[in-house]
Amino acid sequence: MSTIITMAYLLVLGIVDWKKKAIQLWMLMAMGTIAIVSRIAEYILIGRGISIYEIVAGIGIAAVLIIIGLRGHMLGVADSIVVGIMSWIIGIRRAVATFLLALIFISVMSGVLLALRKVKLKDTIPFLPFMFFSFVGVVLCG
């Protein structure tokens, strides 16, 4: 269930990020609310526990990525928050694997686009569509 919710939300955020190159705050708040509700539902229905480790690690991952994004201007704050929320919904290992695979995808795509002169060095490329495709890859490959 959490996989479907995450995939649907990443698809919506990826499309919005691709079109507008920005994510609105209300969308992030909605994702956070959905994450909390889905975790509580899993706790009640399935008995999957909520560990303090997952909460602290999710907040820690988001905080580190926000600091990196603000210092280096490579990641947006919304991208960092999405990774933190994902780590809480689907688990830290899958969220980090998705993030790293998205970094690989965007690095390759950026290199290709730069070589073809479709983008300039200072241009920005939306990150969340790559997060969606990476998450699909992580789900399919296990």
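Keep in mind that this is a model prediction, so the values were computed, not measured.
Scanning all heavy atoms of the two residues, the minimum distance from I106 to P126 falls at CD1-O, 3.9 Å. Between F135 and T3, the closest heavy-atom pair is CE2-O, 3.6 Å. Across all their heavy atoms, P129 and G14 have their closest contact at CG-O, 3.3 Å. Here the closest non-hydrogen pair linking M86 and T6 is CG-CG2, 4.0 Å. In plain terms, the two heavy atoms of M131 and F99 that are nearest each other are SD-CA, 4.0 Å. The heavy-atom pair separating L28 from I85 by the smallest distance is O-CD1, 3.9 Å.
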Step by step, work out the side chain to side chain contact (heavy atoms under 4.5 Å, CB included) result for L113 and D123. CA-CA 11 Å; L113 291 174; D123 289 347; over 6 Å; no
Go through the steps to decide whether F130 and I104 satisfy the test side chain to side chain contact (heavy atoms under 4.5 Å, CB included), and finish with yes or no. CA-CA 9 Å; F130 293 96; I104 292 169; over 6 Å; no
Between V12 and M27, is the side chain to side chain contact (heavy atoms under 4.5 Å, CB included) condition met? List the steps. CA-CA 9 Å; V12 170; M27 295 180 100; 3.9 Å; yes
Stepwise, does the side chain to side chain contact (heavy atoms under 4.5 Å, CB included) test hold for S87 with V96? CA-CA 7 Å; S87 69; V96 170; over 6 Å; no
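In terms of hydrophobic clustering, with Ile, Leu, Val, Met, Phe, Trp and Tyr side chains grouped at heavy-atom distances under 4.5 Å, I125 and V83 are assigned to a common cluster. Using a 4.5 Å cut-off between side-chain heavy atoms of Ile, Leu, Val, Met, Phe, Trp and Tyr, with links allowed through other members, W26 and V37 fall into different hydrophobic clusters. Clustering ILVMFWY residues whenever any of their side-chain heavy atoms sit less than 4.5 angstrom apart, transitively, puts L13 in the very cluster that holds I15. Placement of M109 and V119 within a single hydrophobic cluster is found when ILVMFWY residues are connected by side-chain heavy-atom separations under 4.5 Å, directly or transitively.
A donor-acceptor pair is defined here as one N or O able to donate and one able to accept, closer than 3.5 Å; such a pair exists between the side chain of D17 and the backbone of F127.
Environment of CD1 in I4: sparse, with no more than 12 heavy atoms of neighbouring residues, nucleotides or ligands closer than 6.0 Å.
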